[in-house]
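Heads up, the thing below is written out as structure tokens.
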Amino acid sequence: MRYSQYLLPTLKETPGDAEVISHQLMARAGMIRKVAAGIYDYLPLGLRVIRKVENIVREEMNRAGAIELLMPSVVPADLWEETGRWQQYGKELLRIKDRKDTEFCFGPTHEEVVTEIVRGTVNSYRQLPINLYQIQTKFRDEIRPRFGLMRGREFIMKDAYSFDLDDAGASASYEKMYQAYRRIFERCGLKFRAVEADTGNIGGSSSHEFMVLAETGEDDIVSCDACEYAANVEKAELRPSTTLASATQPLVEVDTPNRKTIEEVSAFLKVAATQTVKTLIVQNERKETLAVLLRGDHDLNEIKLCRLLDCNEIEMASEETVQAVTGAPSGFAGPVGLKVRIIADQEVQGLSDYVIGANALDTHFVGANHGRDFAVETFADLRQAQAGDSCPRCEGALEVWRGIEVGHVFKLGTKYSEAMGATVLDDQGQDRTLVMGCYGIGVGRTAAAAIEQNHDANGIIWPMPLAPFQIIISVLNPNAAEVLEAGETLYAQLLERGIEVLLDDRDERPGSKFKDADLLGIPLRVTVGARGLKEQCYELQNRRSGERAMLPMVEAATQLAAQVHSALNAEAGG
RNA sequence: CGGGGAGUGGCGCAGCCUGGUAGCGCGCCAGUUUUGGGAACUGGAUGUCGCAGGUUCGAAUCCUGUCUCCCCGACCA
């Protein structure tokens, strides 16, 4: 591609609405343009990267035995009504009507559609297992899209769905996808972790998320420093606590004027936060109000609480509710004398003689003990894991990372196949409900995550497998005939060798060309200028390492092609 | 949706408080001189100041409404 004839609008300045580095650099490098909140144009350079990711995904899915197809983006409401999701799925589902007022949605995910395909075309266990996938534009009307391609409303996703006769088969299909995903992200040159995850409202029994490690990630994940255990904090189990407490101090009411938070109270009473217990008054969607006790320095994990209570949503009670339930303004809630259900994190069980709210303005208790002073209905694992916690599987300790979720694999079970009557005949001639799995990869998000992990002050540094171009030839003075000709010659030789090369033949000053080359993040830059030509050489610079080398003109194309191929293989290996 | 902020040439911003009919930098076009890390000079083009009302002799500026965008929370590839 000739730069002078390409559409590559680079920006010197960062657009004001771009917050994270990947968004800033994608905008500056002329990869994307915003059309509306969470909706983007993929400009030519951006599309090239998207295609790179797609092709890696496609190759690995095919290798794992999955079959590509393409389902419609616009899906009739009937299908979604079969599974009840037309009602369940909230405002994220973009609902539209056609001219006859028939309802449709723009598909945010395709369990219903694919299940409909399989129920109509797969009738025998002999056709199993089968795994169907597509790479397609999805739409989810997110409440708050942000960070460019990281969380768009419209985005490109690879979604795959496996169908098996039984759980064992489904587990095997799941394992295949898990391994395929590892290969995909390794080939993309990304540092990532596969972590145990919550299944959310897609449903199903177990799942893993593939997290690219990056500070700007929106998820917290934990991993053990000794074994393989890794999980999203939403999901991370904590080791069961077995210690039991016994009281040694009497319950005494103390004044804590204006001290509401754990920090304020523990500082005021000169007690460690670990020796305090906080009482959260919460409500679920059924408007049940209850009190949750946690050690002062711990945080509530709402997902664990939801699971315990068999509800979908937990929120902190309003000030009025707190006042009504505890008889005091928030900040002083405690379990003593409370009339609502009281449940506690398991680690409260091992505490004794702690500080706790007294349900009266500016007052706390010291020397509080459950069992003696109040009763706890249930102890359970309810808190968020944090750095330094013991691993639930071994003697190691947990570390905390930030991650970007680029892929997610689920065991779905029969949730959709049962609702939609997707069955096959087994070898006994009996109807069997198919056991499903589903597997997603955010294509644009993967590209964005790659930038989060691979950039410097000058711009993007693409891993070779994702680079929109593998080599950029910067012709320093295209007005000098012999310089332009030397550039053109190399350009032609590289194209012949199948290398993706961008020829910067613009009539710009050298500085601009170097800045743009760095910004775009092309892994190898060849400078063609009078200086090198005097010695019959091109000059090579590696974007990542900054290393430079003189390449004799006669062997340049061969050497460069070899470097590109070895970089591709290095990053594809492992 | 709750809380915070912002809409002014393609991009980044100033002007608004204290109303008088729009300015700076980058980019763009033409020319001259330049040419190894975002060149200099000269000349030029581009704005119904988000939209709709209102106040006023006069509104980018004040008032009301509305739309959009961004940030913090819930959601997720």
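Each chain gets a letter, A, B and so on, in the order the sequences are listed, and its residues count up from 1. Heavy atoms only: backbone and side chains are in, while hydrogens, waters and symmetry mates are out. All of these numbers come straight from a predicted model, not from anything done at the bench.
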- Message: One thing to verify: whether A:R183 and A:E186 come together as a salt bridge, which I'm taking to mean a side-chain N less than 4.0 angstrom from a carboxylate O.
- Response: no

- For B:C16 versus B:G23, give the span between their C1' atoms, rounded off to a whole number of Å. 14 Å

- Query: To the side chain of A:T527, which of B:C69, B:C75, B:G36 is closest?
  - Reply: B:G36

- Task: Look at the side-chain N and O atoms of A:K91 and state whether any lies under 4.0 Å from the OP1 or OP2 oxygen of B:C75.
- Result: no

- Task: Looking at every strand, decide which applies to A:A530 at a 4.0 Å heavy-atom threshold: base, sugar-phosphate, or nothing.
- Result: base

- Message: Over all strands shown, is A:G442 touching base, sugar-phosphate only, or nothing at heavy-atom distances under 4.0 angstrom?
- Response: base

- Message: So, does A:R509 get its side chain near the phosphate of B:A39, meaning an N or O under 4.0 Å from OP1 or OP2?
- Response: yes

- Query: Side-chain donor or acceptor of A:E13 under 3.5 Å from a matching atom on the base of B:G27?
  - Reply: no

- Message: Let me spell it out: for each of A:D17 and A:S512, pick the nucleotide of RNA chain B with the closest heavy atom. Which residue's pick is nearer the 5' end?
- Response: A:S512

- Report yes if some heavy atom in the side chain of A:I343 is under 4.5 Å from a heavy atom in the side chain of A:L305; otherwise report no. yes

- Message: What's A:D516 touching, base or sugar-phosphate or nothing? Going by heavy atoms closer than 4.0 Å.
- Response: base

- Query: How many Å lie between NE2 on A:H23 and P on B:C71, as a whole number?
  - Reply: 8 Å

- Item | Spacing between A:D198 atom CG and B:C76 atom P, to the nearest angstrom | 8 Å

- Task: Classify the nucleic acid contact of A:T446 as base, sugar-phosphate or nothing, counting any heavy atom under 4.0 Å across all strands shown.
- Result: nothing

- Lys/Arg N to Asp/Glu carboxylate O, A:E68 vs A:R58, below 4.0 Å: yes

- Item | Same-atom distance (C1') from B:U66 to B:C24, integer angstrom | 31 Å

- Message: Is it the case that the ring center of A:F210 lies less than 6.0 angstrom away from the ring center of A:H208?
- Response: no

- Item | B:A39 pairs with, by Watson-Crick or G-U criteria that keep both distances under 3.5 Å | B:U33

- Whole Å only: how far is the CG atom of A:D159 from the C1' atom of B:C76? 14 Å

- Query: CZ of A:R506 versus P of B:G36: gap in Å, rounded?
  - Reply: 16 Å

- Message: Could you tell me how far apart A:E154 (CD) and B:A77 (P) are, to the nearest whole angstrom?
- Response: 17 Å

- Query: Distance check: side-chain N/O of A:K12 vs OP1/OP2 of B:G27, anything under 4.0 Å?
  - Reply: yes

- Message: Could you tell me how far apart A:I143 (CD1) and B:C75 (P) are, to the nearest whole angstrom?
- Response: 8 Å

- Task: With RNA chain B as reference, determine whether A:E142 or A:T10 sits nearer its 5' end, using the nearest nucleotide of each.
- Result: A:T10

- Hey, are A:D41 and A:K34 close enough for a salt bridge, meaning a charged N less than 4.0 Å from a carboxylate O? no

- Ignoring the backbone of A:R146, work out which of B:U35, B:G73, B:G37 is nearest its side chain. B:G73

- For A:G407, report the nucleic acid contact type (base, sugar-phosphate, nothing); a contact means any heavy atom under 4.0 Å. sugar-phosphate

- Message: Between the base of B:G37 and the side chain of A:R525, is there a donor and acceptor pair under 3.5 angstrom?
- Response: yes

- Ignoring hydrogens and angles, answer whether the base of B:C76 and the side-chain atoms of A:R140 contain a donor-acceptor pair closer than 3.5 Å. no

- Message: I'd like the P distance from B:A39 over to B:A77, given in whole Å.
- Response: 45 Å

- According to a strict under-4.0 Å criterion, is A:R153 in side-chain N/O contact with OP1 or OP2 of B:C75? no

- Distance, C1' atom - from B:A22 to B:A52, rounded to whole angstrom: 22 Å

- Does A:K304 pair with A:D381 as a salt bridge, N-O distance under 4.0 Å? yes

- What integer distance in Å separates A:E19:CD from B:G12:C1'? 16 Å

- Presence of A:R144 side-chain N/O under 4.0 Å of B:C72 phosphate oxygens OP1/OP2: yes

- Message: Within the 4.0 Å heavy-atom criterion, would you say A:G152 contacts the bases, only the backbone, or no part of the nucleic acid?
- Response: base

- Task: Under 4.0 Å between any heavy atoms, over every strand shown, what does A:G532 touch: base, sugar-phosphate, or nothing? Just pick one.
- Result: base

- Is the ring of A:F514 stacked on the base of B:G38, with centres less than 5.5 Å apart and planes under 30° off? no

- Task: Give one of base, sugar-phosphate or nothing for A:R28, where a contact means two heavy atoms less than 4.0 Å apart.
- Result: base

- Before accepting this row, confirm whether a basic side-chain N of the pair A:R2/A:E488 lies closer than 4.0 Å to the acidic partner's carboxylate O. yes

- Message: Please pick, from B:G36, B:G25, B:A77, the nucleotide with the shortest atom-to-atom distance to any side-chain atom of A:H408.
- Response: B:A77

- Task: Just call it for A:I441: base, sugar-phosphate, or nothing, with non-hydrogen atoms closer than 4.0 Å on any strand.
- Result: sugar-phosphate

- Are any of the side-chain nitrogens in A:D198 or A:R307 under 4.0 Å away from the carboxylate oxygens of its partner? yes

- Task: May I ask you to say what A:Q541 touches in the nucleic acid, namely base, sugar-phosphate or nothing, with a heavy-atom cut-off under 4.0 Å?
- Result: base

- Write down the distance separating the P atoms in B:C62 and B:C76, rounded off to the nearest Å. 42 Å

- Does B:C17 pair with anything, Watson-Crick or G-U wobble, both distances under 3.5 Å, and if so, with which nucleotide? none

- Query: Would A:E111 and A:R85 pass as an ion pair if we require N to O under 4.0 Å?
  - Reply: yes

- Using the C1' atom in both, what is the distance from B:A45 to B:A30, to the nearest Å? 11 Å

- Query: Between B:C71 atom C1' and A:Q24 atom CD, what is the distance in whole Å?
  - Reply: 14 Å

- Query: Under a 4.0 Å N-O cut-off, is there an ion pair linking A:E218 with A:R151?
  - Reply: yes

- Sugar-phosphate, base or nothing in reach of A:K34, heavy atoms under 4.0 Å: sugar-phosphate

- Task: Would you mind classifying the nucleic acid contact of A:E209 as base, sugar-phosphate or nothing, using non-hydrogen atoms under 4.0 angstrom?
- Result: nothing

- For B:U8 and B:G4, measure between their P atoms and round to the nearest Å. 22 Å

- Nearest-nucleotide pick for A:D518, side chain only, options being B:C71, B:G37, B:C76: B:G37

- Task: Tell which nucleotide pairs with B:C75, taking only Watson-Crick or G-U wobble pairs whose two distances are both under 3.5 angstrom.
- Result: none

- In Watson-Crick or G-U wobble terms, with both distances under 3.5 Å, the base opposite B:C51 is B:G65

- Please state the C1' separation for the pair B:C13 and B:A6 - nearest whole angstrom. 13 Å

- Message: Within the 4.0 Å heavy-atom criterion, would you say A:D507 contacts the bases, only the backbone, or no part of the nucleic acid?
- Response: nothing

- Task: Please give the nucleotide sitting opposite B:A22 as a Watson-Crick or G-U wobble pair, both distances under 3.5 Å, or none.
- Result: none

